[in-house]
Amino acid sequence: MKNIFLLFFVFFTSFVFGQNSYSEDTTKLTIPVWVGKEILLDLNELERLKFIEIQTTKEILELEKKILYQEKSISVLDETNNKNMRIIGLTEEKVNLLNGENKKLMDDIGKLKTKNTVIEIIGGAIIGALTYIIVFK
């Protein structure tokens with residue numbers, strides 16, 4: 001009888017202690033309302049900041065493209081300017097050479113005019129003398 005009583009006691013105590021059930025569901029997490037509101041506000045702020053980051057990244061990429069295009073344009077304009085300055089320098093050199101040649105030619109023309117004037121005077125004198133000799137002799 002002692003064994004039956006002991007067996008009954010072991011089964012009863014294990015049944016009583018083993019059948020404890022909790023009335024709360026431990027799989028669900030509960031948080032206060034104000035924490036939930038803060039989480040929602042933070043999530044909204046995160047979404048807004050992500051959108052701003054995407055827009056800013058796009059703007060940065062566009063500005064980098066614009067900077068590269070402007071740098072290329074500046075280098076092309078610099079090359080064109082250098083070529084134009086070289087052309088201007090060569091043209092000025094050509095003008096200086098032509099001005100020097102023009103001055104020499106003007107001097108030569110002046111000498112030829114003087115020479116022609118002297119020849120005309122001498123020729124006129126010779127023709128006048130020959131005419132006088134022919135007419136009066």
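In this chain, numbering begins with 1 at the start of the sequence shown.
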| Hey, what do you get for CG (Asp107) to NZ (Lys103), rounding to the nearest 0.5 Å? | 7.0 Å
| field | Heavy-atom check, side chain of Glu101 versus side chain of Lys104, under 4.5 Å | value | yes
| Taking C-beta and beyond as the side chain, do Leu46 and Asp42 meet within less than 4.5 Å on heavy atoms? | no
| said: Tell me which pairs pass ring pair (Phe, Tyr, Trp, His ring centres under 6.0 Å) where either residue lies in residues 107-137, with sequence neighbours left out. | reply: Tyr132-Phe136
| Roughly how far, to the nearest 0.5 Å, is CG of Leu112 from OG1 of Thr117? | 10.5 Å
| When rounded to the nearest 0.5 angstrom, what is the spacing between CD1 in Ile126 and OG1 in Thr131? | 11.5 Å
| field | Atom pair CG (Leu41) and NZ (Lys37), whose distance is rounded to the nearest 0.5 Å | value | 9.0 Å
| task | Treat each ILVMFWY residue as a node, draw an edge where side-chain heavy atoms are under 4.5 Å apart, and state whether Val118 and Ile109 are in one component. | result | no
Identify each donor-acceptor pair in which a side-chain atom of residues 50-67 lies under 3.5 Å from a protein atom, sequence neighbours left out, and give them as a table.
residue: Thr56; atom: OG1; partner: Ile52; partner atom: O; Å: 2.6
residue: Thr57; atom: OG1; partner: Glu53; partner atom: O; Å: 2.7

| Does Arg48 reach the side chain of Asn44, with side-chain heavy atoms less than 4.5 Å apart? | no
Could you pull out every donor-acceptor pair under 3.5 Å between side chains of residues 78-88 and any protein atom, sequence neighbours left out?
residue: Thr80; atom: OG1; partner: Val76; partner atom: O; Å: 2.8
residue: Asn82; atom: ND2; partner: Asp78; partner atom: O; Å: 3.3
residue: Asn84; atom: ND2; partner: Thr80; partner atom: O; Å: 3.3

